[in-house]
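Structure first, then comments.
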Amino acid sequence: MSEPLEKLRAIVVCCCLLPLSANADEGMYPVSEIEQLNLPAKGLVMSPGDIFNPDQVCLIDGICKVNGCTGSFVSPNGLIITNHHCAYRAIQSASSTEHDYLANGFQAKTGAAEIPAKGYTVRITEAFSDVSDKVLSVVDDGMEATQRTKAIDQRRKELEKSAEQQNAGMRAEVAEMFAGKTYVLFLYTYITDVRLVFAPPASVGEFGGDTDNWEWPRHTGDFSFLRAYVAPDGSTANYSKENIPYQPKRFIQVDPNGVDEGDFVMLIGYPGRTARHKTASFLSYEQSVRLPFIVDLYDWQIQQMEAAGKDNRAVALKHTSRIKSLANVEKRSRGQLKGLRRAKIAAHRAAQEAKLQAYIDSDPDRKKQSGRLLADINQVYAEMGEAAPLELNLQNLISASRMMNLAFTMYDSSVERQKPDLQRESPYMDRNFELTKKRQLLTQQDLDPGTDKVLLSGMLDRLNAIPEAKQIDALRVAALTDELRRNYLDSMYRQSWLIDKAYVEKGFEKSPAELKELDDPFLNWAIELYPHYLELREKGKERNGRLDQLYGELVSVKQEFQNANFVPDANATLRLTFGRVKGYSPEDAVYKSPITSLQGVVDKTTGETPFITPQKILDMHAKKEFGRFKNEKLGDVPVAILYDTDTTGGNSGSPILNAEGELVGVNFDRAFEATINDFAWNASYSRSIGVDIRYVLWITGNVFGARELLNEMGVN
Ligand code: ASP
């Protein structure tokens, strides 16, 4: 890894060899493959070379990653448009009962009034190169699975570190494209001073709430504006008053005219994870083990947190972000379960695998080499299924309870930070530790001991019902009678210092021995449980090592069998997908058209959460004060659009671009049936949902009067 940045940028990723006859619109394509997609024939007007070109500034320079979401630079001064749900944590952590920006919205009239978005980072892809050989040079066939995972992990970290040393201020990440087979090093400009500029009130940004989430038709104004800042010399810097707005190499021009039904659209963004190359046994594990577990557990957690905040806005504000993300995953998991069952996806994949197995078995050499591949993969998932009750509940014990999460992370970090940097778990490496701490402090800020105790106690009930958990001495509190357990937990919460922010901050600087000396009840408990979590971690590595190797071989033999090449699963790296604004038929005799309007918002408004609409919007609608954002065909302002691109989580906030590469909306969701995209894409029902730019501009400029933002985006 000694190539300078400029050279890296000129190297095209060669890991993914596409089926060159990419006929269906399935596919989250790495941008390096753009020329192969024949986009002009699909409706693109701009030149594909202006979307991505390793030798010059192009469209992708205007697109960024905002934490786990995507955003677009929409002005030369670092202004970013993303989703309200992506900026949610920033809005929530700046909100209090006195300044309730979640409920009332937020608008910074000047740069000085913008609020730091704590814990937020922005990345822009600058370069990438195939480093598969460098990564795989450290493994050999004789290695144990755990050893293999560790060797690959360490090699990835070394490559990242050395790339960062050579490109000061940049962030490097080695992404696995095909498990155990292809790895690509990405270099990012990395911005850590991010500020909140504008957020509509939740009644717009979250209109419809969980009821409408993952549903079409949709009427949510799910957008917000952030701004990226850097030091006066242009380098990455943490928040400081002296910082100046970041000037992106390129920004995306907003097109206030929007799109129409049937128009070509493309999305560029950072889709998180898909599992299209996984086996039927993985799908069965998801369907019968993990997804039902998540639905049940999250549903229960949400109920507890909602009850705790029902009559107390201060407590509700602490829980709101967490409830929102749990509810998002819970409903998505329900959608996936329904889709897996209805479309019999595991059975279809099993049928494909049977054909593959027959192909493998038809040649003695191939059979000798790969005959057991599928059976060995199935074996790993069978083991995971068997261990799931104990493992999933143990993992969730330290995420459901914030106190346990703080105690565990603090101790884990102190142990890990004794090791050389490259041997540490990633969150505790020097390059990540500051962010890890920042995020833990935000967790601490949202701690409500009363709710935490209920969640912790509930997790103990769950663990107490599992025979293997009963054998873990460190979990003996789970077996106490209700009253004894209540008293015990009460005294733990009374005595623990983790409730105190300053204490938590200092705790992250201490050694394991110093943490032991503190004699804090939660820390003591985390320390006692620690060996069990280490065991889980090792187990995980061992399984990953096996799966990586097996999946690497599986992709090769599948490619040979199908005489085709595949697009790698989404892995939070930059991808492009394209399609058209298009309705769909989710069930027999039902057709849903692809554009909603402000009239729909008014019709859905009941005055009860989540269907409250600000009076001003209702009045402006009644007077038809739509300004230039009226769509003549609708006689109204368009609100949301539906299109058949291939997206997943992480595409939240992705720009919806027209044929000229201008921004006509912001992607934020999928239809319920399309939750299944993560496992399989389907032309008839895979539909993504975005907020129409005309609604964004009308709400921002006409309703809330932030004309300066429209001017900044060049919209008059
Ligand atoms: N609303 C979704 C999410 O935040 C976006 C998607 O998955 O399509 O996860």
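Read the numbers this way: they start at 1 and go in the same order the structure lists the ligands and their atoms.
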Under 4.0 Å to a heavy atom of T648 - the qualifying atoms of ligand 1, by number: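 This gives 6 (C), 7 (O), 8 (O) as the contact atoms.
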
Could you list which atoms of ligand 1 come closer than 4.0 Å to a heavy atom of G649?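 By the 4.0 Å cutoff, the relevant atoms are 6 (C), 7 (O), 9 (O).
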
Within reach of ligand 1, part of N651 (heavy-atom separation under 4.0 Å):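 Under 4.0 Å from ligand 1, N651 contributes no heavy atoms.
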
Looking only at distances, can you tell me whether any N or O atom of [X], backbone or side chain, sits closer than 3.5 Å to an N or O atom of ligand 1?
{"X": "T647", "answer": "no"}
{"X": "H85", "answer": "yes"}
{"X": "R332", "answer": "no"}
{"X": "W214", "answer": "no"}

Check for a donor-acceptor pair, side chain of D222 on one end and backbone N or O of V691 on the other, with a separation under 3.5 Å.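 No: the side chain of D222 does not pair with the backbone of V691.
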
Looking at [atom], what's its closest protein heavy atom, distance included?
{"atom": "atom 5 (C) of ligand 1", "value": "S652 OG, 3.1 Å"}
{"atom": "atom 1 (N) of ligand 1", "value": "F668 O, 2.8 Å"}
{"atom": "atom 9 (O) of ligand 1", "value": "N328 ND2, 3.3 Å"}
{"atom": "atom 8 (O) of ligand 1", "value": "R670 NE, 2.8 Å"}

For the rings on Y584 and Y591, is their centre-to-centre separation under 6.0 Å? no

Quick check on the 6.0 Å ring-centre criterion: do F251 and F73 meet it?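 When the ring centroids of F251 and F73 are compared, they turn out to be at least 6.0 Å apart.
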
Charged N to carboxylate O under 4.0 angstrom, K582 versus D644? yes

Y88 six-ring face occupied by K324 cation (under 6.0 Å, within 45°):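 Verdict for Y88: a cation-pi partner in K324.
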
With a 4.5 Å heavy-atom cut-off, do S224 and F198 have their side chains touching?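 No - every pair of side-chain heavy atoms lies 4.5 Å or more apart.
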
Got a sec, which pairs hit salt bridge (charged side-chain N to carboxylate O under 4.0 Å, His left out) with one end in residues 673-691, sequence neighbours left out? R670-D678

Run the side-chain donor-acceptor check on residues 287-294: report pairs under 3.5 Å with partners two or more places apart or on a different chain.
from : atom 1 : to   : atom 2 : distance (Å)
S288 : OG     : S284 : O      : 2.6
R290 : NE     : E286 : OE1    : 3.3
R290 : NE     : E286 : OE2    : 2.8
R290 : NH2    : E286 : OE1    : 3.0

